[in-house]
Number of protein chains: 2
Amino acid sequence: MRSNYDDSDSKNSETTAARPNRAPHVSPETAERILGAAVKEFAEHGFTKTTIRGIASAAEVSPGLVIHHFGSKEGLRTACDDHVFDAIATAKAANAEYASRAMQMMFDDPSMAMNINYLMKSLLDPSEHGQRYFEHYLNLVEDYIAHGFAGYEFRQSEDPRGQAATIATLALAPTMLEHRLQESLGTNGLAETMTRLAPHLLDLYLNGVLEAVPDGADTGPVSYAARPDRADTDSEPTDSLGGDQS
Amino acid sequence: MRSNYDDSDSKNSETTAARPNRAPHVSPETAERILGAAVKEFAEHGFTKTTIRGIASAAEVSPGLVIHHFGSKEGLRTACDDHVFDAIATAKAANAEYASRAMQMMFDDPSMAMNINYLMKSLLDPSEHGQRYFEHYLNLVEDYIAHGFAGYEFRQSEDPRGQAATIATLALAPTMLEHRLQESLGTNGLAETMTRLAPHLLDLYLNGVLEAVPDGADTGPVSYAARPDRADTDSEPTDSLGGDQS
DNA sequence: TCGCTGGTTGAACACGTGTTTAATATTAAA
DNA sequence: TTTAATATTAAACACGTGTTCAACCAGCGA
């Protein structure tokens with residue numbers, strides 16, 4: 001009846017008789033296996049689509065045991081939150097070199113890529129789970145803006161929080177759209193996709209991309225074709241979200 | 001047995017007897033009301049969490065009627081795809097002015113904001129539904145890069161497709177993270193959030209944000225605090241995803 | 001008027017879900 | 001060895017889901 005990950009009423013053993021505070025038969029391996037399988041499933045299929053039976057099957061365990069260890073699906077997810085946080089924190093502390101190196105390493109390590117994927121799923125889920133991570137990341141970026149990052153300095157702004165939010169949001173974007181980018185660019189895996197985007201990102205961050213056209217020499221108009229019909233995806237550019245020009 | 005949105009075996013009436021090709025009692029309003037409710041529900045709660053009963057209730061209709069009109073939940077979603085595509089395309093064609101104006105209008109109009117939200121949900125869903133839209137948007141951005149956009153020109157790259165993918169991805173990011181940004185910045189609605197980010201985005205696109213530190217004058221180190229504990233979200237910046245500096 | 005066709009509904013079906021429960025196996029302590 | 005607590009499981013429960021079905025209602029043509 002009392003799950004291992006039930007954080008409510010922890011450490012109050014007055015109601016029952018005085019029992020030894022140490023478990024006589026601990027087997028943390030199984031719980032860890034379940035946790036690992038859960039992170040993997042959550043990262044792959046998202047939270048609502050992932051089932052406890054699927055996790056149990058992946059961990060070669062009965063569904064009942066899963067909720068025995070973690071209380072509920074929500075409790076399991078919370079445990080996964082902490083696990084992923086810790087995994088990334090320790091992995092980062094392990095190789096505290098230049099940012100690009102550490103980042104590359106994280107994208108190359110499949111287990112780390114999975115953790116990152118988990119965070120993205122959490123970030124995009126309408127639940128409150130991801131907010132904690134977003135705030136954390138935002139604070140980090142704000143600190144980078146203030147004190148520099150990997151040998152670069154940031155141009156300062158009158159609205160540092162807004163600037164940090166902007167940069168943090170853009171920094172997360174490629175990982176969020178990994179699947180879409182992969183299919184569009186033909187890349188394989190997050191590492192390769194990031195390698196493809198990296199020069200453009202660096203160039204953008206260093207020099208920008210836009211420059212105002214000298215004068216009234218207006219650019220050509222954009223055709224207003226109809227929306228692309230299903231099954232002919234590689235048509236010529238037409239209109240879409242984002243506005244137009246005259 | 002034959003749904004209105006069943007695109008399989010359409011227009012073959014040889015099997016049954018010759019029946020009049022016109023429905024005797026057409027009431028397309030109801031189907032449209034269902035479609036509208038579906039887009040709204042999908043955009044708000046995502047696809048897996050949205051239920052047919054919820055849509056039916058929002059449209060003040062029975063669940064059976066929903067699938068009578070659209071065949072299945074998947075058919076309904078496909079119908080929503082087309083509906084949102086058309087709505088955005090026509091809305092954009094209606095005010096073919098400068099991009100910023102059109103964009104602002106789309107964010108201000110609640111119905112359009114809902115459509116955009118639907119597209120984001122579709123884009124982030126692991127299903128294939130969003131890919132069509134992403135390719136479409138990518139083509140559009142590639143065209144903008146080639147021919148300019150709203151009085152601006154793009155610096156050209158050796159890898160236009162990669163550059164377009166990068167810019168398209170970044171452009172979509174603020175909308176994807178709208179909820180997170182809203183809670184972090186205290187803004188209200190997509191329009192206000194975008195207004196807050198706009199100057200930083202423009203500045204980034206025009207001038208970049210980074211500049212290399214002159215020489216070996218290295219920037220200060222970043223503390224390696226533990227992960228933030230639950231329930232104290234506004235802590236000082238610590239470490240997180242994204243790498244570090246020495 | 002009758003009869004047909006499609007819109008519409010309420011109830012039911014089949015199934016997958018998270019969770020509970022009772023029972024068994026296992027292991028550390030007494 | 002006995003005992004007690006935990007690990008683990010199989011089965012069942014309660015419920016929400018997408019979907020089906022039989023019936024009824026409304027309008028239109030003959």
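Heavy atoms only: backbone and side chains are in, while hydrogens, waters and symmetry mates are out. Each chain gets a letter, A, B and so on, in the order the sequences are listed, and its residues count up from 1.
With sequence neighbours excluded, no residue forms a side chain to side chain contact (heavy atoms under 4.5 Å, CB included) with H179(A). Applying the side chain to side chain contact (heavy atoms under 4.5 Å, CB included) test to A171(A) and every residue at least two apart in sequence or in another chain returns Y137(A). In this view, S127(B) and R77(B), D125(B), H129(B) satisfy the side chain to side chain contact (heavy atoms under 4.5 Å, CB included) rule, not counting sequence neighbours. Residues forming a side chain to side chain contact (heavy atoms under 4.5 Å, CB included) with M194(B) (at least two apart in sequence, or on another chain): F107(B), P174(B), L190(B).
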Counting primed atoms, P, OP1 and OP2 as sugar-phosphate and everything else as base, the B/S/- map of nucleotides 9-17 of chain C against protein heavy atoms under 4.0 Å is B--B----B
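Following rounding to the nearest Å, R77(A) (CZ) and dG18(C) (C1') show an atom-to-atom distance of 15 Å. Taking atom NE2 of H69(B) as the reference point, atom P of dT20(D) lies 16 Å away to the nearest angstrom. Between the P atom of dA12(D) and the CD1 atom of I67(A) lies a distance of 18 Å, rounded to the nearest Å.
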Between the protein and nucleotides 22-25 of chain C, which nitrogen or oxygen pairs are less than 3.5 angstrom apart?
none

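Residues A43(A) and M114(A) approach most closely at CB-O, 3.5 Å, considering heavy atoms.
Between E135(B) and R161(B) there is a salt bridge, with a side-chain nitrogen of the basic residue lying less than 4.0 Å from a carboxylate oxygen of the acidic one.
The phosphate of dG7(C) (OP1 or OP2) has no side-chain N or O of T30(B) nearer than 4.0 angstrom.
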For the pair D81(A) and Y118(A), evaluate side-chain hydrogen bond (donor to acceptor under 3.5 Å, both in side chains) and give the outcome as yes or no after the intermediate values. CA-CA 8 Å; D81(A) 282 4; Y118(A) 178 95; 2.5 Å; yes
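A donor-acceptor distance shorter than 3.5 angstrom exists from the side chain of K73(A) to the backbone of F47(A), with no hydrogens or angles considered.
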